Amino acid sequence: MKNIILTGDRPTGRLHLGHYVGSIMKRLELQNSNDYDEMYIMIADSQALTDNYDNPEKIKNNVTEVLLDYLSCGLDPKKCTIFIQSAVPELAELTFYYMNLVTVARLYRNPTVKNEIKLRGFEESIPSGFLNYPVSQTADITAFKANIIPVGNDQLPMIEQAKEIVKKFNDIYKGNLVMPNALLPTNETASRLPGIDGKNKMSKSLNNCIYLSDSKEEIKRKVMEMYTDKDHIKITDPGKIEGNVVFTYLDVFCKKEHFKKYLNEYESLDELKAHYQKGGLGDVKIKLFLNDILQELLQPIREKRELLSKNQDELYKILQEGTEKARQTAKKTMKEVKQAMQIDYFD
Ligand code: TRP
């Protein structure tokens with residue numbers, strides 16, 4: 001069996017550090033392993049419109065912003081097919097047929113959707129397209145016969161629903177849809193990177209993000225603002241590591257060589273933590289250390305982004321080529337689905 005990877009993002013904003021550690025890093029690792037047959041990355045504009053139908057401009061503008069984030073992190077259109085969801089109409093067509101295989105009650109039970117309905121205040125006025133987006137996500141996955149879906153934990157209910165639909169389709173129509181599997185992040189912290197406020201997961205709506213495209217000054221300002229330990233007032237006070245955002249980030253981003261480069265009085269993160277817990281280590285010092293580490297990571301990404309953003313034509317060319325390629329694959333699957341469903345009248 002072929003290994004086909006598919007994953008995607010809703011273009012509702014620029015990508016931030018949470019995306020970087022939660023999904024981009026995994027994609028880069030997969031891409032550079034060359035250990036797969038096909039890899040697709042979808043910019044899910046249709047899905048983004050299910051709860052932003054009244055703001056098409058926002059979605060349109062963020063399609064190229066997200067592409068810029070991908071490319072500047074090192075995702076390579078020669079190795080993975082980057083495409084726009086709405087420009088592959090077969091995905092909408094598949095969704096229409098899969099809708100018959102899911103009950104409305106089942107759609108309401110999806111815990112991620114439930115949570116999103118609450119967050120968006122939809123309550124009694126849920127757009128039916130929004131309620132249905134897990135079905136459209138099943139179309140995204142099955143159209144490409146993808147078996148490996150790298151996602152965060154919050155996307156597990158989508159993969160569960162996709163599996164149910166695939167099973168039902170194959171049972172009823174004697175079809176050949178490929179059963180997908182989620183590939184979850186192995187690092188718990190990385191899959192739920194907290195925002196700089198330390199309260200919640202990093203998220204645009206909570207205004208607690210460090211964006212991949214933030215300037216040097218913005219990054220530093222945000223690091224200096226980070227939540228540490230409210231009882232660590234004087235340098236001599238003992239400090240807490242748990243819930244301290246600076247240490248949570250150091251756990252994710254700090255490597256041994258960073259000490260030699262930026263903080264050579266210490267040899268390891270364990271040593272730094274021990275000193276902080278004992279007392280005598282100030283917040284400014286650990287924040288400046290984290291700032292150095294994040295600047296080192298983000299500077300090349302930002303510079304590449306600036307360069308690439310000057311050539312919008314080239315960006316659309318990448319999207320167009322990727323979309324054409326994706327469409328060929330989706331067309332083939334659509335044909336098979338129609339055959340299985342006996343609606344291939346003129347073939
Ligand atoms: N729902 C995903 C998110 O919000 C985006 C997405 C759309 C996706 N279709 C997909 C992810 C198919 C994986 C596979 O991040």
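Nothing here was measured: the structure is a model prediction, and the numbers come from that model. When a ligand or atom number is given, it counts from 1 through the structure's own listing order.
Taking a cut-off of under 4.0 Å to the non-hydrogen atoms of A44, the atoms of ligand 1 that pass are 7 (C). Those atoms of ligand 1 with a heavy atom of R10 less than 4.0 angstrom away are 4 (O).
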*Given Y98 and L177, is the side-chain contact (heavy atoms from CB on, under 4.5 Å) satisfied, shown in steps?*
CA-CA 12 Å; Y98 291 169; L177 296 180; 3.5 Å; yes
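Judged by distance alone, the side chains of S46 and Y133 never bring a donor and an acceptor atom under 3.5 Å apart.
Polar contact check, Q137 against ligand 1: a nitrogen or oxygen pair lies under 3.5 Å apart. In terms of N/O distances under 3.5 Å, ligand 1 is not approached by D9. Residue Y133 places no N or O, backbone or side chain, under 3.5 Å from any N or O of ligand 1.
Of the protein's heavy atoms, D140 OD2, 2.9 Å lies nearest to atom 9 (N) of ligand 1. Given atom 1 (N) of ligand 1, the protein heavy atom at minimum distance is Q47 OE1, 2.8 Å. For atom 3 (C) of ligand 1, the closest heavy atom belonging to the protein is Q155 NE2, 3.7 Å. Closest to atom 14 (C) of ligand 1 among all protein heavy atoms lies L6 CD2, 3.6 Å. At the shortest separation from atom 15 (O) of ligand 1 among protein heavy atoms lies G8 O, 3.9 Å.
Heavy atoms of M158 found under 4.0 angstrom from ligand 1: none, in either backbone or side chain. By the criterion of a heavy-atom distance under 4.0 Å, the side chain of M42, and not its backbone, is placed next to ligand 1.
The main-chain N or O of H16 is found under 3.5 Å from a side-chain atom of H19 such that the two form a donor-acceptor pair.
The side chain to side chain contact (heavy atoms under 4.5 Å, CB included) test with M202 singles out one residue from L17, V21, D197, and that residue is L17.
Under a 4.0 Å N-O distance rule, the pair K222/D214 qualifies as a salt bridge.
Between Y262 and H258, the ring planes are parallel. Angles under 30° get that label, and only those over 60° would be called perpendicular.
Between H232 and Y276, the gap from one ring centroid to the other is short of 6.0 Å. A distance of 6.0 Å or more separates the ring centres of Y266 and F289.
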